[in-house]
Structure formats: structure tokens, C-alpha cells
Visitor: 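Before I ask anything, let me first share the structure, which is written out below as C-alpha cells.
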Amino acid sequence: MRKETHSVFADYTQSLSTAEGEALSAFFADYSQHNFLHKTEKALMRKDFENALLCYASLGVTLEDALKRLAISNLGSFYARPSLRWFPLDNAAKIYPFSMTHGRMAVYRLSVYLTGNVLPDILQIALSFTIKRFPSFATTVKKGFFWHYLDTSKRRYSLEPELSVPCKPLKVARSGSQSFRVLYYKNRVSIEFFHILADGSGGMVFLKTLMAEYLRLLGIESGEEAGTLDINETPSPRELADAFPMVQQTEKISGFVNRPAVQMSGKLCRQSPCRVLHFKMDAGTLRAAAKRYGATVTSYLLALIFIAGRQATDEQSGTMRVQVPVNMRKFYPSKTLRNFSMYCGIQLPIQEIEDVESVAGEITKQLAEKASRSAMSEMVTAAARIVSSLRFIPLFIKTPAVKLVSGFLSDRLFSTTLSNLGVVHMPPELASHVESMDMVMGPSATNRAACSLVTFGNVAMLSITKSTVDPSFEEALYGLLTADAVMMTVEGTALYED
Amino acid sequence: MKIDITYPERTEKAIHRGRVIRYARGPFLLAAYLCPVFNIYFGGSAWSVVVLWALFMAWTLLLSPDLVEYNRISQTIKTVEYSCVLMILIDIFLSPGWAVDVVFIVLFSALILTAILFFSDFNRQKQNMLPMLLFTAITLAASIIGLTLWKGKAMWPALLAGLLSLALMAACYSVLGRDFLMEFKKRFHTK
């Protein structure tokens with residue numbers, strides 16, 4: 001196959017005029033000066049450029065234009081300099097390496113649906129150009145004596161066709177392994193991140209910038225706005241900073257410990273997630289439905305999740321608790337691309353969950369209280385104190401202890417999760433090439449479902465990650481939404497039964 | 001509820017190590033429980049200690065390997081260190097009088113092997129320096145202890161292992177220069 005592609009490229013070069021041939025030679029000479037990776041990686045990256053040039057030729061783009069778009073200067077000095085940077089983990093990320101097991105890790109996925117099919121040869125180049133702008137993403141997880149950390153990994157970051165279950169654990173153990181994967185399928189580009197790198201907001205900036213670069217390579221220029229970054233700009237220290245220290249420490253702290261929550265019924269699948277579903281809704285209709293109950297979209301969806309959750313469990317007593325991630329950037333303006341979110345737990349006694357009217361008010365009240373700046377600051381203070389008390393304990397002692405505690409607490413404290421990433425904006429020139437976006441939460445050990453919402457344009461995409469075959473929850477949620485005249489199309493994976 | 005399938009058919013099966021671990025956990029725990037019970041019941045030398053360590057080795061090296069930093073240097077060192085402990089346990093509980101020399105010969109050989117693994121792929125492996133440095137430090141400490149405890153005995157394997165570990169540390173420092181200190185800063189950070 002490799003030989004075949006090579007000969008196709010050789011045929012292509014032979015078809016060029018002398019001037020074009022010289023321009024191409026100069027281009028690859030420039031490439032050599034910008035890349036000091038291991039020879040195998042260097043050869044693979046050169047091949048990426050060859051494939052992109054062939055792709056441009058097939059699209060009818062002139063060589064001159066193609067070389068301009070692929071300008072080697074976009075590689076910057078990233079591939080030419082040795083790795084020196086490293087990043088201690090932020091307080092939110094510290095737990096993730098401990099909570100990893102074989103077959104389970106904290107992975108989430110962000111996807112963008114384009115108006116046309118993805119051209120992988122161009123996307124690969126976009127990734128090679130974009131990664132240098134995100135030094136904290138171009139890293140690999142390492143073990144220190146006291147804590148894990150992220151060490152810069154200079155390599156060719158590769159994309160893959162989508163072949164497996166969404167949010168499959170990443171292999172981060174090998175030297176220089178990627179902590180995220182870029183996947184493509186038809187018109188969808190997905191990035192699955194190990195949560196150690198970034199929260200949803202940071203991940204979204206990476207996805208949007210990658211898409212902006214991909215579209216630029218396809219000849220669609222845009223200004224630097226609406227959360228995309230200029231890939232040739234020097235990364236700002238503020239983007240790489242751990243933002244948790246900027247949170248005001250409080251006297252009072254709030255704990256992470258709580259009583260276990262009611263879980264939905266249904267046998268946990270061996271293969272998790274066993275299904276991913278997307279409820280594709282009209283954002284305006286969803287907002288209008290929420291407004292009818294005097295609630296925000298988040299409160300409204302939480303109310304529906306409580307009711308659907310109640311219908312999906314056989315438990316008659318106990319507390320149903322939904323984990324809601326809270327973006328700390330809204331309280332402490334920060335440009336960090338790393339983790340800067342905490343969470344709160346909205347809870348209701350199962351007997352009190354009856355209809356939307358009866359629970360929406362209570363949920364709104366709890367959200368205002370528990371997702372407030374002071375409540376979040378208390379939680380951040382608690383996390384900082386825990387981290388500080390553990391900092392001089394060697395990792396080999398800390399690991400089994402933290403594993404035990406996190407295994408005990410884990411997601412048993414919650415019945416499910418709702419992560420609302422909010423409305424995502426893109427520059428108008430690019431937005432017209434994007435149909436929608438979604439976010440998929442990685443499966444958890446105990447919860448049967450996890451929900452997330454992303455709104456792009458007029459499409460609100462509610463995604464449900466299932467860990468049980470039992471369809472009660474999603475069917476109840478579907479019924480509740482349609483009863484409120486929120487019509488939708490349902491998309492998703494087939495059922496993975498192993 | 002009609003669902004449009006918008007994902008490809010799964011052609012790549014998920015890793016099933018988690019499942020293997022789940023199935024193996026029972027027999028391993030049973031063996032770990034029964035061995036000491038039988039050992040106490042039937043008496044004799046404490047062979048169950050050796051078996052327990054061997055079970056732990058099999059578990060951590062084969063069934064449930066490291067999830068972070070699983071590389072050729074760290075795994076070689078881990079295998080050597082665990083094997084040395086196993087040899088010492090055999091020496092103490094089953095067949096005394098041979099392990100001291102053998103352990104130092106193994107440590108000496110392992111240092112050479114690790115150095116080859118490290119310097120033959122220097123650019124990539126320099127990120128994996130800490131396990132090697134800790135290993136050289138452990139070897140050095142073991143050599144000093146060995147030479148102090150068995151003063152009268154011909155301890156050339158301990159002496160050689162100690163000298164080699166010192167040489168390896170010096171080589172790392174001279175090759176890496178400033179990066180050597182940087183590596184230390186990263187590995188021992190408490191932030």
C-alpha cells in the first residue's frame with residue numbers, strides 16, 4: 001500500500017512542470033529544516049504532506065495554492081526543538097491517573113458534524129499544524145516520585161478512522177503516548193480527551209481551532225474569534241496555567257463525601273458504553289419548553305432526568321442525585337485551556353419526584369445555591385487542602401490508598417450526570433460549514449447513564465452514554481420531551497452487546 | 001423511538017484485559033488465601049511467603065501491568081527488582097546461602113542491560129530516566145549495605161554493581177547535562 005501511494009506521488013511529481021518541481025523540492029527542503037523528529041516519524045509526516053498534495057490535486061487545487069496553504073512555516077519550531085516543557089497536574093486532574101483501571105478511564109468526547117465528508121489527508125495536516133499551539137495537549141502522562149505530571153511529547157500526532165466504541169480508554173502507558181485521539185467518520189470529526197488534559201471548555205477550544213485550521217486548508221478563511229486560536233501565535237502562559245490557585249480560599253470547606261445515591265436499575269454491560277444516543281433537538285423549541293416551566297434549559301433537563309431516572313429504577317426510597325459540572329471560568333475569568341471546573345450535586349428524595357412542575361422550582365433553587373461562586377470556592381478549597389496534605393507522600397504509597405478511596409466513593413454518590421457545555425459559537429465563515437456538535441461523556445463504573453448537552457446554532461444535542469441495555473431511561477426522557485412538544489431525531493450507535 | 005445509526009459498525013474490539021482481570025482475581029485470591037493456610041496447617045518451611053510474592057509478581061507484571069509508564073526500561077527494572085526480592089525470599093525461607101552473590105550478579109547484569117536500553121534510544125528514553133536512576137540508587141545502596149555487612153567475604157559482585165551504578169549515574173549526568181537536573185525537578189515536584 002505504502003509503495004503504491006509512493007508511486008502515485010512519484011507519478012504526480014513527474015507530471016509537474018520544471019518550475020513546479022523546483023517549488024516542490026524547495027517545499028520539502030524547508031520541511032526537513034523544520035522537523036527533527038525521529039526518522040520514522042519524520043518520514044510519516046512527509047508522507048502526510050505528499051498525501052495532502054495528492055488530495056489537493058484531486059480537488060483541482062493548483063500546486064502553487066496547495067503549497068501556500070500547506071506552508072511549512074505553520075509547523076513552527078515545535079518539531080525542530082527538543083522537549084523541555086512539563087506541566088504539573090492541576091488539582092482537578094490529579095485524581096484521574098489514580099482512578100484509571102484496565103478498561104476504564106476518564107475520557108470524554110467532543111464531535112463536530114461538518115456539511116461535507118471529512119478529508120482525512122487534510123485533517124492530518126491540520127492536526128500537525130494545530131498541536132503546536134496547544135503545548136499542554138502535546139504531552140504524555142508520566143509518573144513522578146510524588147505526583148503524576150504531563151511531559152511534552154514531540155511526535156507526529158495522528159488521527160484515526162473511527163472503528164470502535166466511543167470513549168474507549170486511551171493507551172497512555174507507552175513512551176510518548178498521546179493523551180487524546182482524533183477520529184473521523186463520514187462528516188464527523190471527534191476528539192476523545194483523557195480528562196487529565198482539559199475540561200470540556202478547553203477541549204472545545206482545541207476542537208474549534210482544529211476545525212478552523214482544517215477549513216483554512218480547504219480554502220475557507222476566517223478571522224480569529226469566537227473561541228478559535230491563531231495557530232501561529234505563541235501560546236500564552238495564561239492558557240497553560242493551573243487556574244485553581246486564583247480561586248479565593250474560604251474558611252468553610254465542603255466535602256466530597258455523601259451518602260450513596262439511588263442507581264437506575266438494569267444490569268451493567270460488560271462493554272461500556274454499550275450505547276451512545278443523541279437527541280437532536282431544535283434549540284429554540286427546547287428553550288421555549290423550559291421557559292414554560294419558568295426554568296433554564298439546564299434546570300428543565302435536570303427535572304426531566306430526575307423523572308426519567310425515577311422511572312428507570314425499581315428503588316422506592318433514597319435520594320436521587322445528579323452531578324452537574326460547573327465551569328469555574330464564569331466566576332474567575334481565566335483563559336486556561338486546562339481543567340477549571342468543579343461540580344455540584346442536585347438531589348431530590350425519590351418519593352418527591354413526580355412531575356416537571358413540582359421539581360423544576362426546587363432544582364432551580366438548588367442550582368443557584370450549590371453552583372454558586374461561594375459553594376464552588378469551598379469545594380476548591382477542600383480539594384486544595386486534600387492535595388496539599390498528600391503532597392509529600394510518595395506515589396507508590398499514595399496510589400493504593402487513593403485508589404481505594406476513589407473506588408469506594410467513585411460515582412456511587414451520583415445517579416447520573418448532566419454536563420451542559422452551553423452554546424458554542426464559531427466564526428460565521430466557519431459556522432456555515434458546521435451542522436452541529438455533540439459531547440459524549442465517558443461511561444462510569446456504576447451509573448447506568450450519563451448525559452451531556454451542546455448547542456450549536458439552532459441544534460441542541462443531548463447525548464446519553466449508556467452502560468445498561470435497559471432502555472427505560474432514554475425512552476422515558478424521549479416521552480417527556482415529546483410530551484412538551486420538543487420534537488427530535490434520535491441518532492446513535494448500535495447496541496454493543498458483549 | 002426510532003434510532004438512526006450514525007456510527008460505524010465496530011470492527012475493532014475493545015481491550016478485554018479488564019475482563020481477564022475480573023476472571024483471574026478469584027483464583028488468585030483463593031491461592032493467596034489457601035497457601036498460607038496449608039502452610040500453617042502442614043508446617044515446615046515458610047514456602048507460602050515465596051508463593052505469595054510469586055503470585056504478586058505474576059499479577060503486577062503479567063495480568064495487571066502499569067497503566068502509566070509502561071516502557072521497556074521501567075518494566076525491565078521492575079522485573080529485575082521483583083526477581084531479586086523473590087531470590088532473597090527463597091534464600092531466607094527455603095534454600096539459604098546463595099542469594100547474596102546471585103542478586104548482585106543479577107543487579108550488575110541488569111544495570112548493563114538498562115544502560116543499553118537507555119543509550120541505544122536516547123532521545124525517546126530520556127523521558128524514562130527516573131526508574132533507571134532509582135534503580136542505580138537502589139543498587140548503590142544495596143552494594144554499600146552488602147560490603148558493610150559481609151566485610152570479610154569476597155564481595156566482588158557487590159563492588160562491581162556499586163561501581164557500575166556510580167558510573168551510570170555519572171554517564172547520565174554528563175550526557176544529559178542541564179536536562180538531568182530538569183528531569184529531577186519534574187520527577188520530584190510536589191506541586
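In what follows, every heavy atom counts, from backbone to side chain, and hydrogens, waters and symmetry copies are set aside. A note on names: the letters A, B, ... follow the listed sequences, proteins ahead of strands, and every chain is numbered from 1.
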Visitor: With a 4.5 angstrom heavy-atom cut-off, could you sort out which part of B:P131 is near chain A: side chain, backbone, both or neither?
Guide: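 Contact with chain A is absent: no heavy atom of B:P131 under 4.5 Å.
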Visitor: Just jot down the ring-ring contact (aromatic ring centres under 6.0 Å, His included) partners of A:Y79, sequence neighbours excluded, or say none.
Guide: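 By the ring-ring contact (aromatic ring centres under 6.0 Å, His included) rule, A:Y79 matches no residue at all.
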Visitor: Name the region of A:F98, side chain, backbone, both or neither, that has any atom closer than 4.5 Å to a heavy atom of chain B.
Guide: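 For A:F98, neither part sits under 4.5 Å from chain B.
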Visitor: Between the main-chain N or O of B:I105 and the side-chain N or O of B:S109, is there a donor-acceptor pair closer than 3.5 Å?
Guide: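 Yes, the answer is positive, given that a donor and an acceptor are paired below the 3.5 Å cut-off.
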Visitor: Indicate whether any N or O donor in one side chain lies under 3.5 Å from an N or O acceptor in the other, for B:N71 and B:N128.
Guide: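 There is such a pair between these side chains.
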Visitor: So does B:A161 get a backbone contact from the side chain of B:S143, meaning a donor-acceptor N/O pair under 3.5 Å?
Guide: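 The answer is no, because no donor-acceptor pair under 3.5 Å joins these two groups.
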Visitor: Test your reading of the model: is there a side-chain donor-acceptor pair from B:D91 to the backbone of B:G97, 3.5 Å cut-off?
Guide: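 Indeed, once roles are kept as given, a pair shorter than 3.5 Å links the two residues.
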Visitor: Which bit of A:P166 comes within less than 4.5 Å of chain B, counting heavy atoms only: side chain, backbone, both or neither?
Guide: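 Answer is side chain: those atoms of A:P166 sit under 4.5 Å from chain B.
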Visitor: Could you tell me which portion of A:T140 (side chain, backbone, both or neither) has an atom closer than 4.5 angstrom to a non-hydrogen atom of chain B?
Guide: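 For A:T140, the contact with chain B is made by the side chain alone.
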Visitor: Given heavy-atom pairs under 4.5 angstrom as the criterion, report whether the side chain, backbone, both or neither of B:L67 touches chain A.
Guide: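 Backbone plus side chain of B:L67, per the 4.5 Å heavy-atom cut-off to chain A.
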Visitor: Which region of A:F279, side chain (C-beta onward) or backbone (N, CA, C, O), has a non-hydrogen atom less than 4.5 Å from a non-hydrogen atom of chain B, or is it both or neither?
Guide: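 For A:F279, the side chain is the part near chain B, not the backbone.
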Visitor: With a strict 4.5 Å heavy-atom criterion, list every residue of residues 178-191 of chain B that contacts chain A, or say none.
Guide: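 Counting heavy atoms that sit under 4.5 Å from chain A, the residues of residues 178-191 of chain B involved are B:D179, B:M182, B:E183, B:K185, B:K186, B:R187, B:F188, B:H189, B:T190, B:K191.
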Visitor: Report which part of B:I21 has an atom under 4.5 Å of a heavy atom belonging to chain A: side chain, backbone, both, or neither.
Guide: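 It is the side chain, since no backbone atom gets that close.
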Visitor: For the interface with chain B, which of A:K94, A:E491, A:H102 has the highest count of heavy-atom pairs at distances below 4.5 Å?
Guide: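 When all of A:K94, A:E491, A:H102 are compared, A:H102 has the most.
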Visitor: Among A:E475, A:R155, A:M105, A:H278, which residue has the highest count of heavy-atom pairs closer than 4.5 Å to chain B?
Guide: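 Going by pairs under 4.5 Å, I would pick A:H278.
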Visitor: Of all of A:F392, A:W86, A:Y478, A:F145, which one pairs up most often with chain B through heavy atoms under 4.5 Å apart?
Guide: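 Ranked by heavy-atom pairs under 4.5 Å with chain B, first place is A:W86.
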Visitor: Mind listing the closest non-hydrogen atom pair of A:S179 and A:V141 along with its distance?
Guide: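 Here A:S179 and A:V141 meet closest at OG-CG2, 3.8 Å.
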Visitor: Counting N and O atoms only, with roles assigned by atom type, does the side chain of B:N39 sit under 3.5 Å from a partner on the main chain of B:S48, one being a donor and the other an acceptor?
Guide: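 Yes; at least one donor-acceptor contact below 3.5 Å.
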Visitor: Looking only at the side chains, is there a donor atom on one of B:T6 and B:D4 sitting less than 3.5 Å from an acceptor on the other?
Guide: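 There is no such pair (donor and acceptor under 3.5 Å, judged by atom type) between the side chains of B:T6 and B:D4.
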Visitor: Could you look at A:L390 and say if it's the side chain, the backbone, both or neither that has a heavy atom under 4.5 Å from chain B?
Guide: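 When you check distances to chain B, no heavy atom of A:L390 falls under 4.5 Å.
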Visitor: Under 3.5 Å, is there a donor-acceptor pair linking the side chains of A:R156 and A:Q178?
Guide: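 Distance-only check fails for A:R156 and A:Q178.
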Visitor: Based on non-hydrogen pairs under 4.5 Å, which of A:H148, A:K186, A:M488 is most in contact with chain B?
Guide: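 The residue among A:H148, A:K186, A:M488 with the greatest pair count is A:H148.
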Visitor: Looking only at atom types and distance, does a side-chain atom of B:R72 sit under 3.5 Å from a main-chain N or O of B:F118, one as donor and one as acceptor?
Guide: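 No; zero donor-acceptor contacts below 3.5 Å.
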Visitor: Checking A:R275 side chain against A:T493 main chain: does a donor-acceptor pair fall under 3.5 Å?
Guide: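 Flag set: sc A:R275 to bb A:T493 pair under 3.5 Å.
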Visitor: Within the 3.5 Å criterion, strictly below it, is a donor on A:T152 or A:T139 matched to an acceptor on the partner's side chain?
Guide: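 A:T152 vs A:T139: no donor-acceptor pair found between side chains.
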